[in-house]
Amino acid sequence: MASVLETKNIAVERPAAEGSLDPYGRLLRMLMPSLRGVVVYDGFSNLIWSSDEYNLSDEPHIITEAIANALIDSAEYPGTARTLDADRVIYSFALRGDHIELLGVVSLVSRLSGTQIEPRPLQTVRQLVLPALECLRREMALRMQLGSREHDLSLRDRDLDLVLDLSSKQSEAASDADEFSLILKTALERMDCALAALWVPDKNVSMSSTRSGQPMAADSLKRAQHHLMAWMQLQQRTLVVNHISKVASDVAAPYKILACPVRHRSERVMGVLAMFNPPSAPDFDVAQTRIAEVLAKRATNIVRAQYDSGTGLMTRQAFERQALALIGASNDADDNIILYLDIDRLHVINETFGMHIGDDVIVSVAESMAKNLPAGALSARISGDRLAALIPRSTMEGAAEVAEKIRAAAAAIVPRAGQGSFEVSVCVGVAPVQNSDNALAHALATAEIACKAAKDRGRNRVEMFQDSDHSIIRRHTDILIIGKLRDALDTNSFRLDAQPILPLRGNYGRPRFELLIRMLGDRGEIIPPSKFLSSAERYQLMPTIDRWVVKRACELLGAHSSNVGEEFARFAINLSGQSLQDDTFLDFVVQQLKSSGVPPSVLCFELTETATIGNLTKAQEFMRTLQELGCQFALDDFGTGVSSLAYLKDLSVNYLKIDGSFVRDAVSNARSESMIKAIAQLAKVMCMETIAEYVETDALRVRMADLGVDYGQGFAMGKAQTLEDLLQELAIYEATVSNWSIPESLIDTVVIAT
């Protein structure tokens with residue numbers, strides 16, 4: 001029995017117990033007047049409390065017997081009875097906790113009274129003192145719990161000290177690699193071990209450090225990594241190896257080992273933090289295990305913060321830190337090349353098959369990139385479906401070859417979603433890292449520009465950044481002009497021009513105008529939309545610009561509401577797809593109409609075909625709400641989308657604006673001519689009217705009329721002028737058109753644009 005007690009004493013730490021149990025002694029005497037003394041021991045046969053009269057220090061076998069009996073007796077209060085001499089009997093009862101654990105033993109020293117020869121039966125005594133035993137059991141359980149909590153708090157205090165120590169030194173770490181080194185250094189110092197190592201194979205993390213400064217043999221370290229990773233992935237828990245068998249020493253390095261898992265967010269083991277000591281060193285103990293687990297948790301947090309959870313690539317912040325360190329250590333920044341990758345039409349995949357399928361595509365493309373990058377390259381998920389890589393010690397041509405392998409690997413992905421499948425393609429931009437104040441940021445920007453140029457040229461391409469490339473120059477200009485655009489929005493440095501939209505056949509109809517935004521330069525010069533709208537779209541500023549246009553147009557038209565009534569002019573305002581995506585934009589337009597007093601029927605909003613189809617549900621809600629107020633709608637750039645006819649039946653529009661690419665060469669291109677004629681006929685069947693853009697010559701004006709187009713817009717129809725000047729001259733327009741004979745069906749026609 002003693003061996004059982006010894007084992008238990010090693011396995012469980014003895015709880016602290018303080019304070020007198022006198023009240024319980026008095027209660028026991030009330031219940032059993034023949035009591036001479038009470039003695040209480042804990043579950044490890046350590047004395048907790050005894051009445052003044054007695055203790056059982058001379059009878060240790062009594063407590064040993066009671067504890068041993070409790071281990072085999074499943075009764076609620078298992079007990080034993082032992083006669084000491086002619087007038088004394090000891091009844092011992094074990095106290096158990098809620099989880100059957102042994103809390104302690106209560107021994108009651110009773111005397112035989114009067115003519116009593118035989119002691120009372122154990123069961124009878126148990127029933128007498130049962131209320132006191134229950135109260136004492138609760139007291140012991142509470143003390144055990146408090147003792148455990150004090151022990152836990154002590155451990156947590158030590159853990160907190162360790163974490164604070166690591167945090168105080170974190171500022172010294174310039175990179176994640178430095179933080180890993182700090183963890184290994186802390187392990188060596190706090191645990192007095194010979195060697196500390198950290199391995200996370202998926203993330204190319206393999207580090208080790210020795211207390212002596214002498215590195216461990218590479219072969220031995222590699223064998224240890226292989227075996228420890230295998231053991232850790234099998235056991236999924238902290239491992240302590242203090243006794244090394246001969247078989248194990250023949251397979252791996254003969255060391256005492258303490259190894260803790262480094263876990264992925266999914267809780268799978270992705271790495272191991274290990275401490276090693278020679279066989280002659282003391283065994284790794286519980287305190288050292290706690291330290292190791294805290295350090296492993298710290299390493300886990302660093303890895304999780306450093307790598308994107310979805311793709312396994314670095315986060316942008318970690319990428320920038322390591323890339324800057326790599327560039328700083330390079331003799332020539334031009335030897336480093338940046339790749340910038342964007343997945344083509346991912347939004348279509350998300351909308352058609354679901355976001356989870358789109359996420360799978362991103363992961364597959366990220367894996368393709370990681371597999372095709374050379375050793376030493378860094379790769380990251382910049383945001384969403386945009387990835388980047390830094391290839392050190394490379395040329396532009398060599399990096400372009402790597403980019404082409406990545407593009408081909410992505411194109412070879414064959415994803416499936418339910419009953420359908422789709423193609424995956426990417427665009428990759430390649431740019432050098434040049435010596436400058438913000439070398440990495442500039443290289444990422446130029447690589448992104450090259451990537452966008454690849455999209456402009458048909459997608460599924462690799463493009464190298466070249467200063468002489470006009471498309472790249474334009475995108476680079478976007479970056480330069482964005483600052484001026486933000487300043488213009490802050491200082492209200494815009495104006496609205498109005499270009500007439502006139503009937504092509506006969507002098508009937510009310511005047512219609514498209515409102516065009518112009519940006520004013522520092523010297524008051526006019527900057528046309530072609531110079532800043534692409535930058536606004538790229539940097540998500542179109543909703544802000546559209547709000548300015550709507551508000552300014554309503555202000556000016558409201559101030560001249562007497563001249564722009566429903567019986568006279570109509571004005572068109574262009575809106576972007578980004579504004580349709582803005583959930584607050586519709587309420588803004590309605591509020592501007594109400595506050596300005598402009599009749600809604602004066603306005604017609606133009607939506608591009610691509611933006612409308614790409615936001616079909618929101619576009620339908622937007623159109624329905626404003627049409628109920630009296631506004632009209634035109635579908636701009638009609639004919640350029642791949643699904644024009646399929647979606648047209650779902651859109652309640654009043655006008656189709658035929659894209660200028662068809663109009664420009666209609667005189668010389670039979671296909672363009674046929675397309676325009678078909679659109680005009682389709683519009684009539686669907687009770688819509690057509691407007692031809694870019695009618696620049698009289699020959700085009702005549703040809704558009706012959707093909708059945710209703711209205712024309714361009715230099716051959718009339719030049720634009722400022723909206724303020726136009727509104728001042730509306731009285732002249734009114735006098736001019738007052739004698740026109742107008743078909744009733746055209747009185748309410750409207751068009752609008754930016």
Side-chain angles (χ1 to χ4, degrees), residues 499-514 570-575 601-614 616 619-620 622-624 626-627 630-667 669-696 700-714 716-718 742-753:
Q499 185 176 35
I501 300 171
L502 301 178
L504 290 167
R505 292 167 291 149
N507 292 326
Y508 60 84
R510 300 302 186 185
R512 292 162 177 77
F513 302 91
E514 179 178 0
R570 304 290 186 266
F571 296 87
I573 298 175
N574 280 308
L575 298 178
S601 59
V602 167
L603 297 179
C604 173
F605 293 95
E606 290 187 8
L607 305 173
T608 65
E609 181 186 354
T610 303
T612 305
I613 293 173
L616 188 59
Q620 289 173 326
F622 188 89
M623 295 168 69
R624 181 171 57 253
L626 293 182
Q627 283 176 333
C631 298
Q632 292 184 325
F633 281 85
L635 196 59
D636 198 6
D637 299 337
F638 187 76
T640 57
V642 296
S643 304
S644 305
L645 299 180
Y647 287 98
L648 190 58
K649 61 183 175 60
D650 298 322
L651 299 172
S652 177
V653 297
N654 306 93
Y655 303 93
L656 297 181
K657 292 194 74 174
I658 303 172
D659 188 69
S661 62
F662 299 115
V663 176
R664 284 194 185 99
D665 61 350
V667 175
N669 190 318
R671 291 186 178 181
S672 295
E673 181 181 276
S674 299
M675 179 70 77
I676 294 170
K677 186 175 182 179
I679 293 173
Q681 292 173 346
L682 174 66
K684 285 180 172 56
V685 172
M686 301 187 74
C687 299
M688 302 174 184
E689 292 185 295
T690 50
I691 303 169
E693 299 178 311
Y694 295 98
V695 181
E696 310 294 346
L700 282 175
R701 179 176 58 80
V702 172
R703 193 62 188 136
M704 290 302 105
D706 292 342
L707 293 174
V709 180
D710 299 302
Y711 295 91
Q713 178 182 357
M717 311 304 297
I742 308 168
E744 187 68 20
S745 61
L746 297 179
I747 289 180
D748 294 328
T749 305
V750 182
V751 181
I752 307 176

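For reference, positions follow the sequence shown, starting with 1. Worth knowing before you read on, the calculation uses all heavy atoms, side chains too, and leaves out hydrogens, waters and symmetry mates. As the structure is a computational prediction, the values presented were derived from the model and not from experiment.
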Sidechain-backbone polar pair: N654 side chain, A634 backbone, donor-acceptor under 3.5 Å: no
Side chains of M623 and L607 in contact at under 4.5 Å (non-hydrogen atoms): yes
M717 and L504, any side-chain heavy atoms less than 4.5 Å apart: yes
Spacing of R701 atom CZ and D706 atom CG [to the nearest 0.5 Å]: 10.5 Å
Test log, rule side-chain contact (heavy atoms from CB on, under 4.5 Å), inputs T608 and N574: CA-CA 8 Å; T608 65; N574 280 308; 5.9 Å; no
Side-chain donor-acceptor contact under 3.5 Å, S672 with D665: yes
Test item: T690 side-chain N/O and D710 main-chain N/O as donor-acceptor pair under 3.5 Å: yes
Among I501, V695, L502, the one residue meeting side chain to side chain contact (heavy atoms under 4.5 Å, CB included) with Q713: I501
Intermediate values then yes/no, side-chain contact (heavy atoms from CB on, under 4.5 Å), D637 and E693: CA-CA 9 Å; D637 299 337; E693 299 178 311; 3.5 Å; yes
Pairwise distance CE(M704) to CD1(I658) - rounded to 0.5 angstrom: 7.0 Å
Inter-residue atom distance E689.CD - L656.CG, 0.5 Å rounding: 10.0 Å
Y694 atom OH, over 12 foreign heavy atoms within 6.0 Å: no
Straight-line distance of M686 CE to S652 OG, nearest 0.5 Å: 9.5 Å
Between CZ on residue F638 and CE on residue M675, distance to nearest 0.5 Å: 9.0 Å
I679 and V709, any side-chain heavy atoms less than 4.5 Å apart: no
K657/E514 salt bridge by N-O under 4.0 Å criterion: yes
Name of the residue among L575, D636, V653 meeting side chain to side chain contact (heavy atoms under 4.5 Å, CB included) with F605: L575
